[in-house]
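This report refers to the structure that appears directly beneath it.
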Amino acid sequence: MNAPTVPVSRRAADIPPFLVMEVLERAQALEREGRDIIHLEVGEPDFETPACIREAGIRAIREGRTRYTHSLGLLELREAICEDYHREYGVAITPDRIIVTSGTSPAMLLLFGALIDPGDEIVLADPHYACHPSFIDFLGGRSVFVPVGEEDGFQLHAREIRRRLTPKTKGVLINSPANPTGNLLSAAHMASIADLGRCVVSDEIYHGLVYGGRASSILEFTDNAFVLNGFSKKYAMTGWRLGYVIAPPWFVRPMQKLQQNFLISAGSIPQHAALAALREAGPDVARMVGVYDERRRFMVRRLRELGFGIAVEPTGAFYVLANARHVDADSHRLAFDILERAGVAVTPGIDFGENAEGYLRFSYANALEKIAEAMDRIGGYLQAR
Ligand SMILES: Cc1ncc(COP(=O)(O)O)c(C=O)c1O
């Protein structure tokens with residue numbers, strides 16, 4: 001085809017690729033050539049969705065629950081989310097503060113769409129979830145980064161945020177347990193971030209996947225906050241696409257209008273399934289958390305034995321962000337070299353910000369035997385280098 005005559009929009013042209021997907025796609029190409037690849041790159045539970053949730057989805061299909069729902073989501077589901085937040089964190093929220101969306105990702109689109117005017121700034125940690133700044137920047141905002149370091153488990157300090165506050169600062173974005181570090185933000189740090197008096201956006205999608213310490217909700221410290229959450233990780237429901245926002249009351253209507261215009265409502269079947277997740281899947285989650293924890297301990301021990309730097313043991317989500325600078329300071333080159341030569345797919349730190357350059361993210365959302373084999377392969381690779 002000839003060169004395009006209509007240019008791609010600046011907004012779309014400026015969006016960086018999500019590198020983890022590029023690693024996955026290269027890994028899949030190698031698999032098509034017959035190579036055996038172990039996947040430690042993707043941030044997706046390897047478990048099937050628990051049976052009680054799948055059954056609820058099947059029931060909803062049989063009962064013909066196949067129409068649009070209320071644009072805020074099923075009332076019953078929003079009530080169950082309120083009960084969940086009350087049980088877990090002792091906070092009292094009402095269903096009219098919740099907007100159910102087709103995943104946490106669309107929830108971010110609604111939230112930042114309603115929050116950000118052109119030039120507004122959102123302060124967040126570096127390293128951060130790769131897509132957080134993409135949402136902010138796409139919607140005309142500016143991501144302002146606070147470097148956080150491995151020495152204290154990548155804690156985001158309020159004093160460092162304060163130094164970056166300007167009249168344009170619209171809010172602070174936190175994520176605990178965090179992707180990519182797997183670390184929890186301590187209650188004390190969260191309290192002092194709330195005390196800054198700025199609006200806090202708290203991505204709580206990894207809540208429930210905690211193996212030591214306690215994940216606090218931002219709502220325990222301030223009401224001047226948005227919570228982003230979803231069912232993908234804790235309930236192994238990535239393909240169902242369901243998430244939600246808990247918002248201050250005056251933000252609900254604006255976000256509802258965005259949902260009505262752009263997305264109409266979240267899927268009806270996933271919402272019925274999610275209701276079963278909140279009501280019935282507790283024992284399944286406990287089982288999965290036990291398995292993740294065993295893998296986590298094993299992976300941290302083996303990575304340290306192989307010489308990777310893990311200053312503070314990660315106790316949440318299913319990631320280990322390990323320092324690999326002594327092997328190669330270029331994480332992109334190193335990750336693709338490990339993929340080609342050792343047959344192990346890992347994510348380059350640079351996907352998560354400049355401050356994560358020189359690191360690799362290992363996901364333990366894979367079977368223990370696979371992780372063991374991957375560690376042996378990487379050991380062989382390091383010896384051969
Ligand atoms: C921190 C964080 N937030 C949000 C998401 C997106 O989740 P969802 O599947 O609900 O869109 C991810 C997915 O990896 C994530 O790591």
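The structure presented is a predicted model; accordingly, all values stated were derived computationally and were not measured. As a basis for the values below, the full set of heavy atoms in this structure was taken, side chains included, without hydrogen atoms, waters or symmetry mates. All ligand and atom numbering here is 1-based and tracks the order in the structure.
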* Could you check Y381 against R385 for side-chain hydrogen bond (donor to acceptor under 3.5 Å, both in side chains), going step by step and ending with a plain yes or no? => CA-CA 6 Å; Y381 164 87; R385 256 180 84 93; 2.9 Å; yes
* **Distance (rounded to the nearest 0.5 Å) between M237 CE and R54 CZ** => 11.0 Å
* **Closest protein heavy atom (residue, atom, distance) for atom 14 (O) of ligand 1** => K233 NZ, 2.7 Å
* Asked: Tell me, which protein residue and heavy-atom name are nearest atom 7 (O) of ligand 1, and how many Å apart are they?
  -> I205 CD1, 3.2 Å
* Do the rings of H332 and F336 sit parallel, tilted or perpendicular, given the 30° and 60° boundaries? -> tilted
* Structure fact -> Atoms of ligand 1 under 4.0 Å from any heavy atom of S232, numbered from 1 in the order shown, are 8 (P), 9 (O), 10 (O)
* **Heavy atom of the protein closest to atom 4 (C) of ligand 1 (residue, atom name, distance)** => M108 CE, 3.4 Å
* Contact partition for L228 relative to ligand 1, non-hydrogen atoms under 4.0 Å -> neither
* Are Y292 and F47 an aromatic pair by the rule of ring centers under 6.0 Å? -> yes
* To do: Would you please determine whether G230 falls within less than 4.0 Å of ligand 1 on a heavy-atom basis?
  => no
* Rounded distance [0.5 Å steps], CG in L360 versus CD1 in I338 -> 5.0 Å
* Could you check which of N179, L242, D203 puts a non-hydrogen atom nearest to atom 2 (C) of ligand 1? => D203
* **Verdict with reasoning, E313 to R296, per salt bridge (charged side-chain N to carboxylate O under 4.0 Å, His left out)** => CA-CA 9 Å; E313 194 169 307; R296 177 186 71 92; 3.0 Å; yes
* **Nearest-neighbour protein heavy atom for atom 11 (O) of ligand 1, which is reported as residue plus atom name and distance** => S105 OG, 2.6 Å
* Asked: If we only count N/O pairs under 3.5 Å, is T238 in contact with ligand 1?
  -> no
* With a 6.0 Å cut-off on ring centres, are Y206 and Y319 close enough? -> yes
* To do: Start with the C-alpha distance between E22 and R26, add both sets of side-chain angles, then the distance that settles salt bridge (charged side-chain N to carboxylate O under 4.0 Å, His left out), and finish with yes or no.
  => CA-CA 6 Å; E22 310 227 321; R26 178 65 193 142; over 6 Å; no
* May I ask whether E44 places a heavy atom under 4.0 Å from ligand 1? => no
* To do: Would you mind listing which atoms of ligand 1 come within a distance below 4.0 Å of any non-hydrogen atom of R241?
  => 8 (P), 9 (O), 11 (O)
* Asked: Does even one non-hydrogen atom of F231 get within less than 4.0 Å of ligand 1?
  -> no
